Amino acid sequence: MTWLYLTLAGVFEVVWATSMKLSNGFGNIWWSVVTFIGMILSFGLLALSLKELPMSLAYPVWTGVGAVGSIVVGVLFFGDKISLLTWLFVALLIIGIIGIKITSQH
């Protein structure tokens with residue numbers, strides 16, 4: 001369950017980052033509410049995962065899932081343009097996240 005909590009924490013990091021963008025600087029109350037709910041869920045799930053996982057594993061995975069997810073959302077929904085070289089580094093992030101999971105003792 002710990003890794004599920006951590007993965008969901010990363011997903012909710014993407015939710016709050018996306019909804020913060022949609023809130024237009026917190027000018028849209030509904031997207032602002034979604035932002036804060038996403039933050040609470042993301043941090044709460046991260047905190048649950050930290051009960052079992054060392055911070056040196058949990059934090060990089062959390063930020064990595066959030067980073068990769070935010071890039072994908074930006075490209076798919078906001079029309080962000082990133083170079084082929086940037087995609088290479090995104091792939092390296094994914095490889096790093098998988099490597100951390102595979103090599104961890106948890």
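Just so you know, these numbers come straight off a predicted model, no measurement behind them.
Considering only heavy atoms from C-beta on, I100 comes within 4.5 Å of P60 through its side chain. Within the 4.5 Å cutoff, the side chain of M20 has heavy atoms near those of the M39 side chain. Put simply, the side chain of V61 reaches to within 4.5 Å of the side chain of W3, judged on heavy atoms. Here the side chains of I37 and L41 are in contact, with some heavy-atom distance below 4.5 Å. Between I71 and I82 there is a side-chain heavy-atom pair separated by less than 4.5 Å. For the pair W16 and S70, the minimum side-chain heavy-atom distance is 4.5 Å or more. The closest side-chain heavy-atom distance from L85 to F89 is below 4.5 Å.
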Inset, instruction - Apply side chain to side chain contact (heavy atoms under 4.5 Å, CB included) to the pair L22 and T18, showing each step before the final yes or no. - result: CA-CA 6 Å; L22 293 169; T18 303; 4.2 Å; yes
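Closest of all the heavy-atom pairs between L53 and A58 is CB-CB, 4.2 Å. Nearest heavy atom pair, residue G27 against residue S32, reads N-OG, 4.4 Å.
Taking hydrophobic clusters as Ile, Leu, Val, Met, Phe, Trp and Tyr residues chained together by side-chain heavy-atom distances below 4.5 Å, V11 does not share a cluster with V34. Under the 4.5 Å side-chain contact rule for hydrophobic residues, F78 and L76 share a cluster.
For the side chain to side chain donor-acceptor pair (under 3.5 Å) test, residues two or more places apart in sequence or in another chain that qualify with T35 are S19. For the side-chain contact (heavy atoms from CB on, under 4.5 Å) test, residues two or more places apart in sequence or in another chain that qualify with P54 are S56, L57, H106. Looking at residues two or more places apart in sequence or on another chain, you find no side-chain contact (heavy atoms from CB on, under 4.5 Å) involving I40.
Separation of atoms CD1 (I98) and CG (L93) is listed at 11.0 Å; rounding is to 0.5 Å. Rounded to the nearest 0.5 Å, atoms CG (L8) and CG (L46) are 12.0 Å apart. Atoms CD1 and OG1, from I97 and T7 in turn, are 9.5 Å apart once rounded to the nearest 0.5 Å. Summarising the geometry, atom OG1 belonging to T2 is positioned 7.5 Å from atom OH belonging to Y5; distances are rounded to the nearest 0.5 Å. For the atom pair CG of L45 and CG of L6, the computed distance is 9.0 Å after rounding to the nearest 0.5 Å.
For the pair T63 (side chain) and Y59 (backbone), a donor-acceptor distance under 3.5 Å is present. N28 contributes a side-chain N or O that, together with a main-chain N or O of W31, makes up a donor-acceptor pair within less than 3.5 Å.
In this structure, a donor-acceptor pair under 3.5 Å is present between the side chains of S42 and W62.
Checked against the 6.0 Å centroid threshold, F36 and F26 count as a close aromatic pair.
Residue-environment remark: CZ (F77) stays at or below the threshold of 12 foreign heavy atoms within 6.0 Å.
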